[in-house]
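Beneath this line is the structure, given in structure tokens, with notes to follow.
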Amino acid sequence: MLEDELREACDELVICTDDGSKGHHGYPADILKKMVADEALDAVWIIGPGIMMKITSFATLNTNVKTFVSLNPIMVDGTGMCGSCRVTIAGETKFACVDGPEFDAHQVDWDELMNRQRTYTGQEKESLEHYHEHTCRCGEHK
Ligand code: FES
């Protein structure tokens with residue numbers, strides 16, 4: 001996604017795919033571990049699914065590399081009033097919509113974040129099935 005635009009904006013673009021269909025066959029954590037060992041990094045920003053951010057951030061644990069993640073909890077009002085985006089950072093409650101969404105990766109309670117993200121999994125699945133049954137015209141789900 002946006003590969004050309006990213007290539008233009010970056011000194012170096014490394015693509016990883018977990019099935020090996022393009023670029024490095026493996027995970028971003030593999031690449032980051034090598035970069036941490038080989039280069040002097042000032043900071044790292046990790047953006048993606050919770051489990052990817054969690055695992056990738058381990059590559060800079062116990063280093064001096066500042067590591068930020070952009071958290072993506074469920075959000076409802078986006079104003080700090082509803083509490084749906086509550087996350088725990090360094091043992092303190094924060095609201096990703098007003099206090100983040102970027103936080104120190106090594107301070108995030110990842111298990112809590114991912115558990116909360118699964119709150120509506122059943123309803124999401126039901127909604128997707130309803131969409132395919134009544135709205136989608138792709139023809140692949142009949
Ligand atoms: S989305 Fe409601 S408090 Fe953040």
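Every number for a ligand or one of its atoms is a count from 1 in the order of the listing. Below, each value reflects all heavy atoms present in this structure, side chains not excepted, and no hydrogens, waters or symmetry copies.
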Could you tell me, atom by atom, which parts of ligand 1 come under 4.0 Å of a heavy atom of [X]?
X   : value
C85 : 1 (S), 3 (S), 4 (Fe)
G80 : 3 (S)
S84 : 1 (S), 2 (Fe)
V76 : 1 (S)
G78 : 1 (S), 2 (Fe)
C82 : 1 (S), 2 (Fe), 3 (S)
D77 : 1 (S), 2 (Fe), 3 (S)
G83 : 2 (Fe), 3 (S)

Give a yes or no answer on whether the side chain of [X] reaches the backbone of [Y] with a donor-acceptor pair at less than 3.5 Å.
X   : Y    : result
S70 : I47  : no
W45 : E102 : no
T56 : M53  : no

Legend entry - Non-hydrogen side-chain atoms of K54 and L113 separated by less than 4.5 Å: no
Legend entry - Straight-line distance of L32 CG to S57 OG, nearest 0.5 Å: 9.0 Å
Inset, instruction - State whether C97 contributes an N/O/S atom found under 2.8 Å from atom 2 (Fe) of ligand 1. - result: no
Inset, instruction - Could you give me the CA-CA distance, side-chain angles and deciding distance for R7 and E5, then say whether salt bridge (Lys or Arg N to Asp or Glu O under 4.0 Å) is met? - result: CA-CA 5 Å; R7 200 172 298 286; E5 291 83 351; over 6 Å; no
Legend entry - For ligand 1, the portion of M81 having any non-hydrogen atom under 4.0 Å away: backbone
Legend entry - Steps toward side-chain contact (heavy atoms from CB on, under 4.5 Å) verdict (I31, C16): CA-CA 8 Å; I31 300 298; C16 306; 3.5 Å; yes
